[in-house]
Amino acid sequence: MIVKTRDRGAFRRKRSGCAKILFVFAPLLVLVGCGSEQSFLNTAGQDAASIATLFWVMLAGAVVLWLLVNGAFYYISRVAPGQIDQRYARHVLIGGGIVLPTVVLSALLVWGLSLLPDPRQPGDGLVVKVTGEQWWWRVEYWPEGADAPIVSANEIRLPVGQRTEFHLTSDKVIHSFWIPALGGKMDMFPGRETMISLHPESVGTYRGQCAEFCGASHAWMAFAAVVMTPGDFDAWLAAEAADAVPPADDRAARGAQVFQSEGCGACHTIRGTDAVGEVGPDLTHIGSRQTLGAGRSKVTLEDLSVWINHTEMLKPEVKMPSYDLQPEALDDLAHFLEGLE
Ligand code: CUA
């Protein structure tokens, strides 16, 4: 093999090209590290920990291989350019190009497969059924031995230190259920049930996100995943199972009337009232949730008002039409919804 001396100008141009690529990607890498709520490296569960270990070992392996390959390239082009003994070259090619990658990649594959968490591990009792809608999450809690589910939406709550089973399905298109801090992702198909189980180990609030492109508002299909102590979780589930609180004041009572007269109950359920619609999210305890519109906004008076009158602006192609309520009626309705804790 003969390696000719490099043209220095071309080499310098190539080097400045590499520098530009690094210049563009380095800030992106830094950005990726931002926001620990939705990072698979900020692990808060057994399954996520295995995935993070796998990532770090694979990354370390890739860095070592990158250094070896580029070291060899540098050696042959800069340190010892010139003619190379044919036999030596053949040994390097067979050893470094066939034997080494086969051994290393096979070992990494076997080890990686053994490390990957089994998504179908049975849970410790609690089953959460999640249906992917466009673009929100229908959530049903089935505690052990329950005859009927406790219905909620757009938020997942879990007890720490227990393995919970998620039974997943979808309404119309394929979605993917993913809480990076707790584990891997699982697709959700119409007409079929898939399963993943997760074992959270740290109390806290994490962010889940649909991980499969599912339409115009795919990016706005998120949810809060709240991991609680078992005692707090049981108390929360009991409260979630209860009917909605009645309006606390005149303003909320007027808001409840607006809810009824505008026909909101045709699509939404508020348990304990005449509203029993099942097209949209259950609103029985909307006031206690962390987000509105599946991660779109906070649940404040202002956000609720903006949502009701401008759904299409906030969430493209959402089924709920934008209303055109007058300021006073809108304020009463938002106040009523905010009070549904
Ligand atoms: Cu649902 Cu993307």
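Just so you know, ligand 1 is whichever comes first in the structure, and atom 1 is the first atom listed for that ligand. These numbers were taken from a predicted model, which means no experiment stands behind them.
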### Task
Give a yes or no on whether the backbone of Gly277 and the side-chain of Thr269 come within a donor-acceptor separation of less than 3.5 Å.
yes
### Query
Is a side-chain donor-acceptor pair under 3.5 Å present for Asp124 with His199?
no
### Message
Tell me whether the count of non-hydrogen atoms from other residues, nucleotides or ligands lying under 6.0 Å of CG in Asn70 goes above 12.
### Response
yes
### Message
Looking at Asp250, I want to see if its CG is surrounded by more than 12 non-hydrogen atoms of other residues, nucleotides or ligands under 6.0 Å.
### Response
no
### Query
Which protein N, O or S atoms lie under 2.8 Å from atom 1 (Cu) of ligand 1, given by chain and residue number?
His175 ND1, Cys210 SG, Cys214 SG, Met221 SD
### Message
Can a donor-acceptor pair be found, under 3.5 Å and without considering hydrogens, that links the side chain of Arg163 to the backbone of Leu126?
### Response
no
Hey, can you pull the donor-acceptor pairs under 3.5 Å for the side chains in residues 217-229, sequence neighbours left out?
from, atom 1, to, atom 2, distance (Å)
Ser217, OG, Pro316, O, 2.8
His218, ND1, Glu212, O, 3.1
Thr229, OG1, Asp232, N, 3.2
Thr229, OG1, Asp232, OD2, 3.3

